[in-house]
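Input: a single structure, listed below in structure tokens.
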Amino acid sequence: MEAANDNATAETQPGVVVIPRSVEFVDARKLRCNSALTSRTESTVSCSSSASSSSDGAESSTDSIDAYFEEAYIQKVNERAKKENENLNLNLGLPVDLTELTRRDVNTAELSVVKRAIRVPVRIMLHILHRFLSLVENPLFKFWSRRVPLKFRQQLTFVAWTIYLPIHKALIGRRSGLHPSVSLEYHALTSMMWWGRLFPITIKRIRMALSQLHVCHPCWAYKDLIKPASTDNKHLTKRSNGEKHGISGHVIEVYHQMQTKRTPTGFRESVRNGKHDEMIVTGHYIQQSTHPSEKCILWIYGGAFLAGDSTGNLGIAEKVGLMCGGRDCFIPNYRLVPEAHLDDALFDVTLAYEYLLYERGIRPENVTLLGVSSGGGLVTLLMQALVEARQKYESYVELPAGGVLIGPFVDYCTPKGSMDAYIKHDLIVNQSVFDEGIPYLEVVLGCHKNRVEASPIYRSFIGLPPLCICVSEHEVVYDQAMILAQRAKNQGVDVTVGTWKYMCHIFPFFAPFVPEGREGLEFICGWLKEH
């Protein structure tokens, strides 16, 4: 594993070294080799303004926001992403791109006669299937989520995976993933999830899927990553209520009326307090041991601002807390688009942070923020709002210990580079999800100027606490994650970046199934324990 530093040479030692005012780029795939850290030269450490740490990216000598919207720059990052796609094993290694038969935006004049003939009946069949699912998905989902016990759903999921994996290894092996070097498990995951891009995706379906994340993270999964708790913080002595939520800790369902909000937030207008019903904090607080832990993780889930909830994230949030020595986790709910505005989501997340400080009495230096995808954007916006309040007001809220960003979605302008090209192979943000989610950015935020202002990637990073970014070099948000890292580094923030090759968006969530996901969680928790 390699660590990079602009100003100093890091000592050779295992683990991750964070050096003030530097970006440390970690090739996290080498974690399994447990290699020693070595320093890089200054020319190697500089990541490009195209968000690529590779040498073919644009130079990052300027921090001008306008430079990111120049035609020459956009053309360069688009070409880089398309060139990278040419080197990948796309479409499961099949000789034909099946999306050409299903998508509307395909230029049929460029298709062969056979493809044009097949395309019509395929699209008719998918339309019929879409209509049928629209009729039956609500009752089916209610039955699955409310009538089928969670424990049975979890066991069924892992039994199915146990049966499927050896069959895939024997019949397909390493022929379906983006690159032969990824694990056999990830090849199998690719073969299973790739097909979602062929079917129409709706907000309802995204919300249904994300509400079931805890099915993949039962309390008995990947226990080997969790070290025993310290003797001064004993395990729960009484039977907890976590079993019905699929976890081993105690779950406190939070519903708390806040009297005031101390930190102004908002893009339409900067506001402190809201209406009476807006000042209510809801969510789930996971208590790992007999007594509340001294340190706490504020977990902000993702879902492109369209979906996600605290219940679905209980399993993986508990695992991260346990891997960090038994930290409690608070997962607040926040309002979603299109029913609400991005301002409302930031308002709710900020209120949740203040709830931990002023209602639960946790010191700010003992709180670490963790954001997943769009949750990473909210975490960054929250920290930027806290810094702005410190500069403008005598009374302000202290900053947290740091922030972890897993595949951060932080650029809400017109997609370019990896955000535009990598939907061809990303297993999470595929073409169908992209078509459903991206238009809402313009609907909710409006013109380009508003979208730039709302994007945390283009706001000031001066004064922010340390950041940890976990991202794949081949996921849709890779470019913007690297721009965020470079801009934060240029403005004096301690940044640690762990990168994996050939993985999809938020790949650590697949820790129960693929070794790369486990490595991602170990990387994140290693940083959390140091901060």
Side-chain angles (χ1 to χ4, degrees), residues 23 25 43-91 97 99-100 103-107 109-110 178-179 197 304 377 407-426 429-431 433-435 437-442 445-459 469 471-490 497 499 501-502 504-505:
V23 176
F25 290 101
S43 60
T44 306
V45 79
S46 177
C47 83
S48 70
S49 59
S50 71
S52 171
S53 57
S54 58
S55 58
D56 61 353
E59 294 299 324
S60 58
S61 57
T62 177
D63 197 37
S64 171
I65 293 176
D66 293 336
Y68 296 112
F69 302 103
E70 293 178 355
E71 185 176 350
Y73 168 78
I74 294 175
Q75 182 178 358
K76 189 168 188 177
V77 296
N78 287 341
E79 289 177 353
R80 182 202 64 79
K82 290 179 180 178
K83 183 178 179 180
E84 184 66 24
N85 275 353
E86 294 174 359
N87 300 322
L88 301 176
N89 181 44
L90 302 179
N91 306 311
D97 182 1
T99 60
E100 293 179 346
R103 294 179 56 76
R104 291 182 180 178
D105 56 357
V106 174
N107 185 1
E110 298 178 356
L178 290 182
H179 195 271
R197 68 193 65 246
F409 177 35
V410 288
D411 185 354
Y412 312 140
C413 299
T414 302
K416 55 182 177 289
S418 65
M419 191 68 186
D420 181 52
Y422 290 176
I423 59 173
K424 289 180 68 66
H425 53 75
D426 198 298
V429 186
N430 56 42
Q431 293 100 317
V433 173
F434 185 87
D435 291 345
I438 291 300
Y440 281 103
L441 292 176
E442 186 172 0
L445 296 175
C447 65
H448 173 75
K449 180 181 178 181
N450 292 347
R451 295 169 73 173
V452 172
E453 183 182 356
S455 300
I457 192 176
Y458 302 122
R459 299 170 70 87
I469 300 174
V471 68
S472 165
E473 294 182 22
H474 295 91
E475 68 167 289
V476 290
V477 299
Y478 175 64
D479 282 358
Q480 51 191 276
M482 293 298 102
I483 294 177
L484 184 149
Q486 186 64 60
R487 295 197 71 239
K489 173 242 182 179
N490 290 344
V497 180
T499 63
K501 288 181 179 294
Y502 314 120
C504 66
H505 187 47

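Numbers here are sequence positions counted from 1. The basis for the numbers below is simple: all heavy atoms, side chains too, and nothing from hydrogens, waters or symmetry mates.
- Of all heavy-atom pairs spanning Tyr68 and Ile74, the tightest one is O-CG1, 4.0 Å.
- Not counting sequence neighbours, the partners of Asp66 by the side chain to side chain contact (heavy atoms under 4.5 Å, CB included) test are Ser64.
- In this model, a donor atom of one side chain and an acceptor atom of the other lie less than 3.5 Å apart for Gln486 and Asn490.
- Heavy atoms from other residues, nucleotides or ligands lying under 6.0 Å from CD of Gln431 number more than 12.
- Heavy-atom minimum distance, Tyr412 versus Gly377: OH-CA, 3.6 Å.
- Between the side chain of Arg103 and the main chain of Arg197, no donor-acceptor pair closer than 3.5 Å is present.
- A 4.5 Å side-chain heavy-atom check between Glu453 and Arg459 finds at least one atom pair inside the cut-off.
- In this structure a side-chain-to-backbone donor-acceptor pair under 3.5 Å is missing from Glu473 to Lys501.
- In terms of heavy atoms, Tyr73 sits closest to Ile483 at OH-CD1, 3.5 Å.
- Using a 4.5 Å cut-off on side-chain heavy atoms (C-beta onward), Pro408 and Ile469 make contact.
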Under 3.5 Å, which donor-acceptor pairs link side chains of residues 415-422 to any protein atom two or more places apart or in another chain?
from   : atom 1 : to     : atom 2 : distance (Å)
Ser418 : OG     : Val476 : O      : 2.8
Ser418 : OG     : Asp479 : N      : 3.1

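- Contact between Thr99 and Val106 at its shortest, heavy atoms only, is O-CG2, 4.0 Å.
- Counting heavy atoms from C-beta outward, Ser472 and Cys504 have side chains that stay 4.5 Å or more apart.
- Every residue two or more places apart in sequence or in another chain was checked for a side chain to side chain contact (heavy atoms under 4.5 Å, CB included) with Asn89, and none qualifies.
- For the 3.5 Å distance criterion, the side chains of Gln75 and Glu79 qualify, holding a donor opposite an acceptor.
- Here the side chains of Val429 and Glu475 are not in contact, with every heavy-atom distance at 4.5 Å or above.
- When atom types are taken as modelled, the side chain of Asn450 and the backbone of Gly446 share no donor-acceptor pair closer than 3.5 angstrom.
- Contact annotation: the side chain of Leu484 never approaches that of Gln480 to less than 4.5 Å [non-hydrogen atoms, C-beta and beyond].
- Residues Leu88 and His425 have side chains in contact (heavy-atom distance under 4.5 Å, counting atoms from C-beta outward).
- Using a cut-off of 4.0 Å between Lys/Arg side-chain N and Asp/Glu carboxylate O, Asp97 and Lys424 are scored as salt-bridged.
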Criterion ring-ring contact (aromatic ring centres under 6.0 Å, His included) on Phe409 and His505, from CA distance to verdict = CA-CA 10 Å; Phe409 177 35; His505 187 47; 8.1 Å; no
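- One side chain, Asp411 or Tyr458, offers a donor N or O that lies under 3.5 Å from an acceptor on the other.
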